[in-house]
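Below, chains carry the letters A, B, ... as their sequence lines are ordered, and counting in each starts from 1.
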Amino acid sequence: MPGMFDALAAALRAEESVALVEVVEGPEDLFARKLVVRPDAEPVVLGSLGDADLDRVVSRDALGELAAGLSVTRHYGRHGEAREREVGVFIESFAPPPRMVIFGAVDFTAALARVAKVLGYHVTVCDARPVFATRARFPMADEVVVAWPDRHLADIGPSLGQRDAVCVLTHDPKFDVPAIVSALRTRVGYLGAMGSRRTTIARNARLRDAGVSATELDRIMAPIGLDIGARTPEETAVAICAEVIADRTGRTAPSLRDADGPIHRELVGDPHRPT
Amino acid sequence: MKEVLADIDRWSAEGKRVAVARVVGTEGSSPRMPGATMVVSDAGEVAGSVSGGCVEAAVVTEALDVLAGEGTPRLCTFGYSDDEAFAVGLTCGGTIRVLVEPLEW
């Protein structure tokens with residue numbers, strides 16, 4: 001059906017949820033028939049797989065897969081019967097990009113925003129200081145917000161979920177304690193905070209004073225990043241993003257939080273480090 | 001898909017026809033996940049990818065063939081087998097299924 005690709009492309013450009021459903025196994029007359037399913041548009045379903053009942057069942061399942069952000073192949077009978085395998089349908093979910101909210105408009109922020117963009121994040125930089133939180137300093141970010149972190153999180157917090165990340169790079173207790181306390185009230189999947197081991201110990205004490213429980217403290221990756229000897233802002237950004245990935249996939253990787261000793265060691269023996 | 005939209009737009013604006021090749025299934029080790037997309041114009045231009053470079057050339061041939069013929073969508077399976085050690089395949093030992101069709105929907 002003409003127009004289906006245009007609808008898909010428009011949804012992708014607008015970063016709206018959309019699923020592309022296509023028959024990849026089964027009778028020849030159904031092969032490569034498609035649906036485009038858009039939960040936020042009218043009509044929700046475009047196209048047809050050639051049978052009204054099959055369309056109805058598959059659209060319902062596609063909305064479910066889309067909500068979970070999963071791309072899968074499912075099997076049905078020709079009229080949508082469950083437990084039959086005559087028709088194989090590939091459901092590709094295009095979820096809006098995950099979000100990374102970075103608090104603190106510092107040099108490390110620019111590098112982190114760049115690496116997060118490479119990974120496909122929608123990146124917001126937030127700082128209460130208008131002198132530092134400018135578009136000119138963070139052209140790679142999708143949004144630069146001048147606001148107190150806790151106020152900004154009060155606005156966007158309910159929309160954060162498992163796929164999203166909050167990185168607190170301010171390492172100034174005035175900003176990062178309220179930012180972390182507010183982030184702990186969201187369902188954000190990853191929460192990390194920058195700072196030396198000394199800063200982290202002092203901040204944890206302040207957080208406990210602010211009513212943060214031991215379980216909540218466990219959610220915070222601090223010092224932020226994997227223990228890979230990162231030194232420059234760019235290397236640190238890679239260490240942070242790698243920790244975000246490992247956290248999401250549940251893989252074991254050496255986080256700075258789970259070690260002790262200096263974060264930065266002597267550079268002796270690293271002749272290949274770019275300068 | 002998103003990363004090839006600009007190429008599709010440009011080729012369409014130039015009056016070219018476009019074929020889409022999309023990974024719709026994988027078994028075993030495979031470099032790209034289902035959904036990985038490559039597009040090919042009838043002038044032989046290519047954007048995106050469906051593997052780690054292992055089967056792209058064969059997919060381009062299939063795509064140009066689809067555009068030159070009646071435009072019937074086809075499912076191409078690429079994998080490793082002992083019998084076809086020199087045929088196009090994935091060195092990683094997995095299998096991918098790629099659906100190739102004209103972008104006319």
**Message:** Go through it in stages, so that I can follow the logic: the residues are B:L99 and A:F90, the test is side chain to side chain contact (heavy atoms under 4.5 Å, CB included), and I'd like the CA-CA distance, side-chain angles, deciding distance and then a yes or no.
**Reply:** CA-CA 11 Å; B:L99 203 158; A:F90 176 51; over 6 Å; no
**Request:** Check the pair B:M1, A:L20 against side chain to side chain contact (heavy atoms under 4.5 Å, CB included), reporting the backbone distance first and the verdict last.
**Result:** CA-CA 10 Å; B:M1 181 70 83; A:L20 174 59; 4.3 Å; yes
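With a threshold of 4.5 angstrom between heavy atoms, B:V100 does not approach chain A through any atom at all. Heavy-atom distances place no part of B:E104 under 4.5 Å from chain A, backbone and side chain included. For A:E15, the part lying under 4.5 angstrom from a heavy atom of chain B is the side chain only. In this structure, chain B has a heavy atom under 4.5 Å from the backbone of A:V23, while its side chain stays farther away. With a threshold of 4.5 angstrom between heavy atoms, B:R74 approaches chain A through N, CA, C or O but not through any side-chain atom.
Annotation for A:D107: atom CG does not count as buried by contact number, only 12 or fewer foreign heavy atoms lying within 6.0 Å. The neighbour count for B:R10 CZ, taken as heavy atoms of other residues, nucleotides or ligands under 6.0 Å away, is above 12. Within a 6.0 Å sphere centred on CZ of A:R13, other residues, nucleotides and ligands contribute more than 12 heavy atoms. Within 6.0 Å of the CD atom in B:E14, the count of heavy atoms belonging to other residues, nucleotides or ligands exceeds 12. Within 6.0 Å of atom CZ in A:R135, more than 12 heavy atoms from other residues, nucleotides or ligands are found, so the atom counts as buried in its surroundings.
Here B:L5 contributes atom CG and A:L8 contributes atom CG; the two are 7.5 Å apart, rounded to the nearest 0.5 Å. To the nearest 0.5 angstrom, B:I8 atom CD1 is 3.5 Å from A:F5 atom CZ. For the atom pair CZ (A:R33) and CH2 (B:W105), the distance works out to 14.5 Å, reported to the nearest 0.5 Å. Within the model, atoms CZ of A:F94 and NZ of B:K2 stand 10.5 Å from one another, a figure rounded to the nearest 0.5 Å.
For the residue pair A:V24 and B:L75, the shortest heavy atom distance occurs at O-CD2, 3.5 Å. Contact record, A:E92 with B:G35: OE2-CA, 3.2 Å, taken as the closest heavy-atom pair.
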